[in-house]
Amino acid sequence: MSGTFENPEVVQEEVDILLIGGGMACCGAAYEIMRWADAAKRENGVDLKIKLVDKAAMDRSGAVAQGLSAINTYIGDAQDPADYARMVSNDLMGITRDDLAYDVGRHVDESVHLFEEWGLPIWKTDEAGERHDGSVDMPKLKDGGKPVRSGKWQIMINGESYKWIVAEAAKKALGMDRIQERIFIVKLVNDKNDKNRIAGAVGFSVRDNKVVVYKAKAILLAAGGCVNLFRPRSVGEGQGRAWYPVWNAGSTYTMAAEAGAELTMMENRFVPARFKDGYGPVGAWFLLFKAQATNANGEVYMVKNKEMLNDYPPYGQAAVPASCLRNHLMLKEMKEGRGPIYMDTVTALAKLRETLSPREVKHLEAEAWEDFLDMCVGQCGIWVGENIEPEKKNSELMPTEPYLLGSHSGCCGIWTSGPEDVGAPTDETAAGVPAHLPKGWNWGYRGMTTVKGLFTAGDGVGASGHKFSSGSHAEGRLAAKSMVKYCIDNKDMSVELDTPADQLVAEIYKPVRNYLEFKDYSTAIDVNPNYITPKMLQFRLQKIMDEYVAGVATYYTTNDKMLAVASEKLDMLKEDAEKMRAKDLHELLRAWENYHRILTAEAHMKHILFREESRYPGFYYRMDKNFVDEENWKCFVNSIYDKTTKQWTCFKRAHVDLVDKTKLFKPAAH
């Protein structure tokens, strides 16, 4: 092992471009970046040094780690990027950046075609309309092959090795000499001579006693969303079972905020309805199998409670109501004692037998299990353990604890510069935006944050949800091109870290020092008045968020008084976090994940308090402002964080529609 636990080896490295993360966004950037870097060398004589750093291993890193059964964003021939932007807007209750969604929509199919070229099996339909999985040799999508669509935007795949395939292409394109795995980046470093420019990052090895300090002109921060911020429904032996990957700790949002980047829509969260206890996905059951969800009496609550949708025009009047509103209708049944909620798998499979061939029926019944084996093995364990055969017995559904993310059915994240050719505003009409921040939606390079040289993609990009795996990959490719251009345009620029390396090392290893200094104070290693374990601190954070910031304990409800209590308790938690201990490298990783979660939690709480309405009924309710206020709050809520004063500043930015949304909706019933 390099160094010692108390005195780690310190490695300093200088690169031009640093990619942080190993998920779909960074894989997209890694695949794309070398073609532009090689062109820069040929045409401009600029030889860029590029490095990708991931705290895990790319083959199984990110939200696609365990696999997927569907690619959820594929435009195809029947719709266009404007249709996609409309869908994204409606599902997120009207407040999204059409420019970012449109840009993803016009590039995402190319990523999907690449996946198929690299070997990802994609389901197709033949000339007779019969479905075949990816094991059957049929024309590729780019050559006119017809995908099996489970929904308007989703296509079915054999995806147990999805991430492995995408990571292999990224590694081949970038080269393993430019990839460093098992390094957890925990802090970004600004430039000493320009506080609004990025200059580097620092992290530590999760395998060796080593701290790595990077100096970089451009950084892509794409380290996923945030999970385990709230107390999960599965506790005790189930702690750690979550719908989104448990290693997503809010690192993207916290590190960006501490670097001075503007955040957006951090009040937004996603509360997916999933199979109870195992968090198994429901998309294939709803979309491919055409199953319906019912209350305990067998009533389809989306039909029974459909009049409730009229309370939220126009979003409730769309052909597919917003995700949060579907939860809203489910929660009524649960609160009024008509639970449990069930996925009616028995009826769905019975109806399919009436219209499909025996071969297709057999295949789909196998797919009922494979859907989980592809991406949520634990749900198969639940079915086996509870003697559930989906063609004979229905399964419970339950809304999960909240998650923060920007690539699925959520849109929190970082305010980024968009494309210049889609008519996005170039000025700002809302009052109160801090003067040092850029105006409009496209102030520079595509994917760059309000901090010069700091880029993001995937879950990092705010106000633009529904990218999913393919859209995140496409955004990574877009960011890669932009970063190369940024470095060419600034080829003579040099950056200087605003914090000395020894100070950075001391900050990172503070939990280790806490442990080593006080470990002999008591005979029980976990009981010590001088430090707190990362596990116990995380329990405290989850309890605060669950009980005061609209978690499952309160049926996702809060109010300004509860948020004030949360603010006070988070302040005390931050004080105690300074006393976290790390008895080994694994605990050091957990400690730093907690630091990131705490600041992300605070951003979420501050934004909910600032937005005086309940924009996402079904995901959270401000019971003191339990309405959607289109007149005053159809706007972006953005914020900046001052790491010196440790204060947040929240403000509005004006929302503008760039595509016509009216054709999504039908007139209200009353």
Side-chain angles (χ1 to χ4, degrees), residues 63 91-93 224-235 238-250 252-254 263-274 276-277 279 281-282 322-328 330-331 334-335 397-413 459 462 465-466 538-559 562-563 566-567 569-570 593-594 596-611 613-623 626 637:
D91 197 66
L92 290 161
M93 299 295 283
C226 193
V227 175
N228 279 329
L229 193 66
F230 289 79
R231 182 162 47 196
R233 284 196 179 274
S234 292
V235 296
Q239 181 77 29
R241 283 187 197 155
W243 163 75
Y244 219 47
V246 295
W247 51 84
N248 278 9
T252 303
Y253 310 134
T254 287
L263 303 183
T264 185
M265 303 303 289
M266 290 300 294
E267 69 277 19
N268 180 264
R269 85 257 294 255
F270 183 38
V271 180
R274 291 294 179 263
K276 188 172 180 292
D277 297 328
Y279 293 83
V282 299
S323 295
C324 65
L325 294 179
R326 300 197 296 275
N327 269 22
H328 180 56
M330 177 198 293
L331 288 170
M334 295 174 66
K335 289 178 181 179
L397 297 181
M398 180 71 77
T400 69
E401 67 276 7
Y403 305 98
L404 302 188
L405 44 86
S407 68
H408 202 280
S409 296
C411 66
C412 73
D459 278 317
H466 282 270
Q538 184 177 341
F539 285 158
R540 280 180 56 188
L541 171 64
Q542 291 177 343
K543 181 177 170 64
I544 293 167
M545 297 300 289
D546 187 41
E547 295 180 356
Y548 298 100
V549 193
V552 299
T554 62
Y555 266 119
Y556 313 105
T557 62
T558 187
N559 58 45
M562 294 170 74
L563 294 169
S567 181
K569 289 181 178 292
L570 285 174
E593 288 180 335
N594 279 342
H596 292 167
R597 284 192 177 98
I598 291 169
L599 205 66
T600 299
E602 192 171 45
H604 185 53
M605 179 270 296
K606 294 285 187 183
H607 275 238
I608 291 178
L609 183 60
F610 185 82
R611 182 180 283 281
E613 62 163 359
S614 294
R615 173 59 57 168
Y616 308 103
F619 289 172
Y620 81 80
Y621 303 87
R622 272 277 305 265
M623 297 306 290
N626 193 16
V637 169

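Numbering starts at 1 and runs along the sequence shown. Hydrogens, waters and symmetry mates play no part in the numbers below; they use all other heavy atoms, side chains included.
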Using side-chain contact (heavy atoms from CB on, under 4.5 Å), reason through His408 and Trp243 one step at a time and then give a plain yes or no. CA-CA 12 Å; His408 202 280; Trp243 163 75; 3.4 Å; yes
Check whether any side-chain heavy atom of [X] sits under 4.5 Å from a side-chain heavy atom of [Y], and report yes or no.
X: Thr264; Y: Cys412; answer: no
X: Tyr279; Y: Pro232; answer: yes
X: Leu404; Y: Thr600; answer: yes
X: Met330; Y: Pro399; answer: yes
X: Gln538; Y: Asn228; answer: yes

Thr558/Val549 under side-chain contact (heavy atoms from CB on, under 4.5 Å): CA gap, chis, key distance, verdict: CA-CA 6 Å; Thr558 187; Val549 193; 5.5 Å; no
Do any N or O atoms from the side chain of [X] and from the backbone of [Y] form a donor-acceptor pair under 3.5 angstrom?
X: Asp277; Y: Ser234; answer: no
X: Thr554; Y: Glu547; answer: no
X: Asn268; Y: Cys411; answer: yes
X: Thr400; Y: Val271; answer: no
X: Asp546; Y: Ala553; answer: yes
X: Arg615; Y: Met93; answer: yes
X: Ser614; Y: Pro617; answer: no
X: Ser567; Y: Leu563; answer: no
X: Arg622; Y: Ile608; answer: yes

Test log, rule side-chain contact (heavy atoms from CB on, under 4.5 Å), inputs His607 and Met265: CA-CA 7 Å; His607 275 238; Met265 303 303 289; 5.8 Å; no
Reported [atom1]-to-[atom2] distance for the pair [X] and [Y], which is rounded to 0.5 angstrom:
X: Asn594; Y: Gln542; atom1: CG; atom2: CD; result: 8.5 Å
X: Tyr620; Y: Thr557; atom1: OH; atom2: OG1; result: 12.5 Å
X: Phe230; Y: Tyr403; atom1: CZ; atom2: OH; result: 11.0 Å
X: Glu267; Y: Glu613; atom1: CD; atom2: CD; result: 8.5 Å
X: Met605; Y: Leu229; atom1: CE; atom2: CG; result: 11.0 Å
X: Phe619; Y: Cys324; atom1: CZ; atom2: SG; result: 5.5 Å

Between [X] and [Y], what is the shortest heavy-atom contact and its length?
X: Pro402; Y: Arg269; result: CG-NH1, 3.4 Å
X: Leu405; Y: Ser409; result: CD1-N, 4.1 Å
X: Ala603; Y: Leu263; result: CB-CD1, 4.4 Å
X: Leu541; Y: Arg597; result: CD2-CB, 3.7 Å

Under 6.0 Å between ring centres, would you say that holds for His604 and Tyr253?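 No, they do not, as the ring centres are separated by 6.0 Å or more.
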Aromatic centroids of Tyr556 and Tyr621 separated by under 6.0 Å: no
Salt bridge check, Arg233 against Glu401: does any charged N sit closer than 4.0 Å to a carboxylate O? no
Assess whether a salt bridge exists between Glu602 and Lys606, defined as any Lys/Arg side-chain N lying under 4.0 Å from an Asp/Glu carboxylate O. no
Who are the salt bridge (charged side-chain N to carboxylate O under 4.0 Å, His left out) partners of Arg540, not counting sequence neighbours? Asp576
If you measure only the distance, is there a donor-acceptor pair under 3.5 Å linking the side chains of Ser323 and Arg326?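 Yes, side-chain donor-acceptor contact under 3.5 Å.
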Contacts of Pro245 that satisfy side chain to side chain contact (heavy atoms under 4.5 Å, CB included) - sequence neighbours left out: Ala63, Trp247, Asn248
Give the intermediate values and the outcome of side-chain contact (heavy atoms from CB on, under 4.5 Å) for residues Tyr244 and Asp459. CA-CA 12 Å; Tyr244 219 47; Asp459 278 317; 2.9 Å; yes
